[in-house]
Number of protein chains: 2
Amino acid sequence: MDSPALRRPYRREGEEKRRDDLIAAAMTLVAEGGPEAATVRAIAARAGVTPGLIRHYFQSKEELTHAAYRQVMEAMTAEAIRACDAAPADDPVARLAAFVAASFRPPVMTPLIVGVWAGYMHLGRNDPVMHEIHESTYLGYRDQLQHLIAALPRPADPARDRREAIACNALIDGLWLEGGSLPDGFAPGEVMRIALDGVATLLGIRFPADAYPAPSPGKTD
Amino acid sequence: MDSPALRRPYRREGEEKRRDDLIAAAMTLVAEGGPEAATVRAIAARAGVTPGLIRHYFQSKEELTHAAYRQVMEAMTAEAIRACDAAPADDPVARLAAFVAASFRPPVMTPLIVGVWAGYMHLGRNDPVMHEIHESTYLGYRDQLQHLIAALPRPADPARDRREAIACNALIDGLWLEGGSLPDGFAPGEVMRIALDGVATLLGIRFPADAYPAPSPGKTD
DNA sequence: GAATTTATTATCCAACTGTATAATTGCAAA
DNA sequence: TTTGCAATTATACAGTTGGATAATAAATTC
């Protein structure tokens, strides 16, 4: 009865690595099986540790959940902004194109991210912290988009900008959701191309050819 | 100690009514608190009956879940198609406008429906039946949209129609999601107006004025 | 080699899950 | 009124699972 005797061997890791591992494990599980799949035991198993360790780094499972969700969401917007800032500061059209394009390739559009988004989407209703995270990251993205639209070289019209930002944001959301959910339903780069075309059409502008992904090799249709 | 004595009084109802009540209760709970909130007991309580009754009308809770999801999803597409068919058969533009507009008012765009959609969105990954329901209703909607687009009076171009259907569908999805999630974030009719404008712009057409919702009273901005 | 703290282990305990069955009541026909 | 059936309630059950915790062992550090 009392022959534990062999104890699981383990390595000691830095706090940061362990926290990241646990967060990554939680995200993966949520993406795969929804929030209810991310139990303390499952998270620990996925991260290659034992359940007790979670409470060594997080005061509760809830805290881990919040940390994971925040990290995913903030990383997403941050990546889009980063790509946008990589474009010439004096070329609003190129900046907008870069922002949109970044939203449709990894690490923003991946089944993992979309899965996390979908899995947690519902928790915002009852959990105030989740709601705050969702709201701030969501509005952060949309605000950024609206800024980029307002910077376009054309007569100012704030009301129009708002409407167009809402429409573009919705188009991006919808495509991102589809593309991330059914990655096999589209040719490589197809979703991004549709998104760029759609945003350009909605705004009455044209994006330069180099804003688009490289054409699929082999065929020149 | 043994004085239960008073038994809950009840009414006898027809099978149809009870089934509908149970389905409605399940949907409401899912919309409010996600799938895990829709326990047998909670559903029964919400429907005003006792848990055992569920298994009198459904072989299992799973069966009730499937019935509820199917009903919500099918009703949604059916309503949009119904509105579309109410338009003149020989006016493709009006038919498309009616289809889009119907997607942005009750009973299609309501917090309940969006909540159910969000709550169950994730179950499609593991549960084959849920997946089938989701897929068929989703594709049904998109196919219908693509047919309406293909029927527009302009040179035929199937590839373009496909791209545009994907884009329009994404725009509609995104707006529907936003409008249903944050009904207070928009003025009455605003989401529908943005959707109609957006779809028209994406397709390079114009919808007649009477396709739009009545302007908000009081102000003529 | 001692001290420190990461990590493991084992367990707790409770809440709750869906299901099955038995007892009772409402209701309508006879 | 009485009878009988089916709708509904009530209770029981068997199992899972949940997150939390205290004590202990092993890495690493000094």
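All chains are named by letter (A, B, ...) in the order of the sequence lines, taking the proteins before the strands, and each is independently numbered beginning at 1. No hydrogens, no waters, no symmetry mates; every other heavy atom, side chains included, goes into these values.
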Output yes when at least one side-chain N/O atom of B:R11 is less than 4.0 Å from OP1 or OP2 of D:dT8, else no.
no
Base D:dT9 paired with B:Y10 side chain (donor-acceptor, <3.5 Å)
no
Name the residue closer to the 5' end of DNA chain C, choosing between A:G52 and B:P9 according to the nucleotide with the nearest heavy atom.
A:G52
Distance in angstrom units between A:I54 CD1 and D:dA20 P, rounded:
9 Å
Just to be sure I understand the rule, does A:F58 reach a base, reach only the sugar-phosphate, or reach nothing, if contact means heavy atoms closer than 4.0 Å?
nothing
Closest-nucleotide mapping onto DNA chain C: is B:Q59 or A:P51 further toward the 5' terminus? I mean the 5' end.
A:P51
Nucleotide D:dG19, atom P - distance to CD1 of A:I43 in whole Å
7 Å
Calculate the interatomic distance between B:R19 atom CZ and D:dA7 atom P; express it in whole Å.
13 Å
Closest to side chain of A:K61, choosing from D:dA20, D:dT9, C:dT8:
D:dA20
Measuring from the side chain of A:V40 (C-beta onward, heavy atoms only), which nucleotide among C:dT19, D:dG19, C:dT8 has the closest atom?
D:dG19
Send over the distance from B:Y57 OH to C:dA20 C1', rounded to a whole Å.
18 Å
For the pair A:E190 and B:R162, find out whether any cationic side-chain nitrogen is under 4.0 Å from an anionic carboxylate oxygen.
yes
Rounded to the nearest 0.5 Å, the CG atom of B:L196 sits from the CG atom of B:L175 at a distance of 10.0 Å
Test item: side-chain donor near acceptor, B:Y141 and B:Q146, under 3.5 Å
no
Using a distance-only criterion (donor-acceptor N/O pair, under 3.5 Å, no hydrogens), is the base of D:dT9 paired with the side chain of B:R7?
yes
Can you measure B:L22 atom CG to D:dT9 atom C1' for me and round it to whole angstrom units?
14 Å
For residues 25-49 of chain A, which residue pairs pass the side-chain hydrogen bond (donor to acceptor under 3.5 Å, both in side chains) check, not counting sequence neighbours?
A:E32-A:R46
Without decimals, in angstroms, what is the distance between B:D21 CG and D:dA7 P?
15 Å
What pairs of nitrogen or oxygen atoms, one from the protein and one from nucleotides 12-16 of chain C, lie under 3.5 Å apart?
none

Identify whether any heavy atom of B:E13 sits under 4.0 Å from a base atom; if not, whether one sits that close to sugar-phosphate; answer base, sugar-phosphate or nothing.
sugar-phosphate
So does A:R55 get a side-chain nitrogen or oxygen closer than 4.0 Å to the phosphate oxygens (OP1/OP2) of D:dA22?
no
Grab the NE2-C1' distance between A:H56 and D:dA26 for me, whole Å please.
14 Å
Can you label the angle between the A:Y69 ring and the A:Y120 ring as parallel, tilted or perpendicular, going by 30° and 60°?
perpendicular
Salt bridge or not for B:R55 and B:E63, using N-O below 4.0 Å?
no
Is there a side-chain contact between A:L123 and A:H131 (heavy atoms, below 4.5 Å)?
no
Between B:T77 and B:E74, is there a donor-acceptor pair closer than 3.5 Å when you use the side chain of the first and the backbone of the second?
no
Taking CG from B:L53 and P from D:dA7, how many angstroms apart are they, rounded to a whole number?
9 Å
